[in-house]
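Report on one structure; see the data block that follows.
We count ligands from 1, going down the list as the structure has it; atoms in each ligand are counted the same way.
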Amino acid sequence: MESSFRNLPSVDRVLAEPRLSAAVERYSHKAVAEVTRQALQAGRKGVAAGSAAPSPSQVAEQVLSLLAVQLEATLRPVINATGVILHTNLGRSPLSQVAAAAARQAALGYDNLELDLQSGERGSRHVHLEELLRRVTGAESGLAVNNNAAAVTLALNTLARGLEVIVSRGEAVEIGGGFRIPEILKASGAKLVEVGTTNRTYLSDFESAISSETAAFLRVHPSNFRVSGFTATPTLEEMAAVAKKRNVLLLHDVGSGALLDTTQFGLAHEPMPQESLVAGADLVFFSGDKLLGGPQAGIIVGKATLVAQLKQHPLVRALRLDKMQVAALQATLLHYARGEAIATIPIWRMITATRESLDARAARWAGVLAHKAKVIDTESTIGGGSLPGETLPSRALAITGDGTTLERLAKLLRAGTVPVLGRIVDGHLLLDPRTVLPDEDEVLIAALKVALA
Ligand SMILES: *Cc1c(COP(=O)(O)O)cnc(C)c1O
């Protein structure tokens with residue numbers, strides 16, 4: 001036992017191992033020495049428990065794996081070949097080149113985030129987005145916060161705290177990732193009044209639920225599910241008329257917030273903030289990183305007096321965007337204002353990619369992999385809580401195999417230097433080029449070659 005402890009190598013002895021020299025270069029002598037002490041500590045415990053003392057080379061091996069866990073970033077770029085355009089687990093929407101460059105520039109230096117360059121006085125970060133939000137949605141005013149959940153919470157807490165908010169039973173739902181309408185209302189200090197049934201709610205249900213305590217009607221777009229068959233819901237116009245007459249607010253959480261009409265791409269109609277405003281909603285909420293194709297953000301547009309009220313709330317400070325988000329969101333909104341959104345924003349490019357172009361890319365991937373893969377028809381989806389059940393016909397690279405083989409291949413692809421995510425459907429591992437950014441093709445091919453070798 002005693003001799004075993006004496007056999008434990010010293011820190012310097014381990015650091016002298018040739019295999020650690022590259023690690024010292026990458027992580028500094030100090031960091032590697034620190035981790036070596038941790039590894040030796042573990043070795044000492046092992047000896048105390050009766051194991052033999054590890055050799056310097058064994059400790060060095062241990063040090064390398066500890067360094068990889070402790071000093072490498074866990075957040076890494078991945079290639080999304082799932083065909084799910086707004087993949088929440090993969091960070092939702094990629095930014096346009098211009099928006100990413102704007103965020104980078106903001107990150108690396110200073111900017112006039114809160115400075116009025118003309119007067120030299122302190123300014124507001126909201127001005128960089130307000131006018132643009134007006135322009136692209138037709139709203140009187142607009143405000144952006146950290147995400148849509150924050151936008152809805154801010155509005156309810158400002159306008160309905162201690163008061164009642166009337167919601168259709170079919171819309172008092174959970175929209176994935178822990179966004180549950182009843183809980184958001186509770187957290188905002190508002191009282192949920194549910195009306196109607198899961199499948200049918202009438203205008204009269206809303207109207208008869210109004211009391212002296214009612215602050216608002218809240219409509220929530222059922223973003224990630226569809227209720228079909230025997231259903232009924234009043235139109236926004238009908239609700240707006242009642243809301244106006246009875247002096248309650250009409251709030252509309254449209255979720256994704258498509259500024260472009262999705263029917264032009266052969267998809268179902270996704271609610272547009274512009275339409276909600278025209279229909280008479282007082283405030284409309286939507287995400288920045290769903291069908292807008294921008295950074296994470298929650299956008300509020302509508303009546304100027306209400307937006308001004310929200311801006312006074314102390315929560316605005318807690319929920320505010322940072323300069324990189326402001327920069328990226330402004331650049332994204334400018335794409336819409338300039339009428340260039342389809343050509344510049346990745347998610348619209350993906351949605352509008354033609355079958356021929358997808359087929360050509362998948363065929364090129366297949367060509368490199370020779371007999372191991374073929375190209376088949378598949379369907380891409382929008383994802384991210386938009387257009388549930390809607391698909392886009394696509395072409396994908398398909399690798400055939402039994403369940404275990406495909407699971408193993410998927411795992412290998414995830415474990416690569418640049419992880420590649422596909423999906424397993426009916427005995428195929430499918431890699432859909434629609435969601436793979438064009439400049440990722442070569443990296444994807446290299447990763448596939450390694451995994452299939
Ligand atoms: C996605 C979604 C949210 C949450 O938006 P985040 O930006 O993720 O906070 C809220 N409401 C609806 C209807 C949604 O679709």
Residues [X] and [Y] bridged, charged N to O under 4.0 Å:
| X | Y | value |
| --- | --- | --- |
| Arg395 | Asp432 | no |
| Asp111 | Lys323 | no |
| Arg434 | Glu379 | no |
| Glu131 | Arg135 | yes |
| Arg169 | Glu194 | yes |
| Arg361 | Asp441 | yes |
| Glu140 | Lys303 | no |

List ligand 1 atoms under 4.0 Å from [X], heavy atoms only on the residue side.
| X | answer |
| --- | --- |
| Ser287 | 5 (O), 6 (P), 7 (O) |
| Phe179 | 10 (C), 11 (N) |
| His221 | 13 (C) |
| Ile175 | 2 (C), 12 (C), 13 (C), 14 (C), 15 (O) |

Counting only nitrogen or oxygen atoms and a 3.5 angstrom limit, does [X] reach ligand 1?
| X | result |
| --- | --- |
| Lys290 | yes |
| Ala149 | yes |
| Asn148 | yes |
| Ser256 | no |

Closest protein heavy atom (residue, atom, distance) for atom 11 (N) of ligand 1: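 Minimum-distance protein heavy atom for atom 11 (N) of ligand 1 reads Asp253 OD2, 2.6 Å.
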
For atom 13 (C) of ligand 1, what is the nearest protein heavy atom, given as residue, atom name and distance? Ser223 OG, 3.2 Å

For the side chain to side chain contact (heavy atoms under 4.5 Å, CB included) test, which of Leu277, Asp253, Val152, Leu251 pairs with Leu283? Leu251

Structural part of Arg92 in contact with ligand 1, heavy atom criterion under 4.0 angstrom: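 Under 4.0 Å from ligand 1, Arg92 contributes side-chain atoms alone.
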
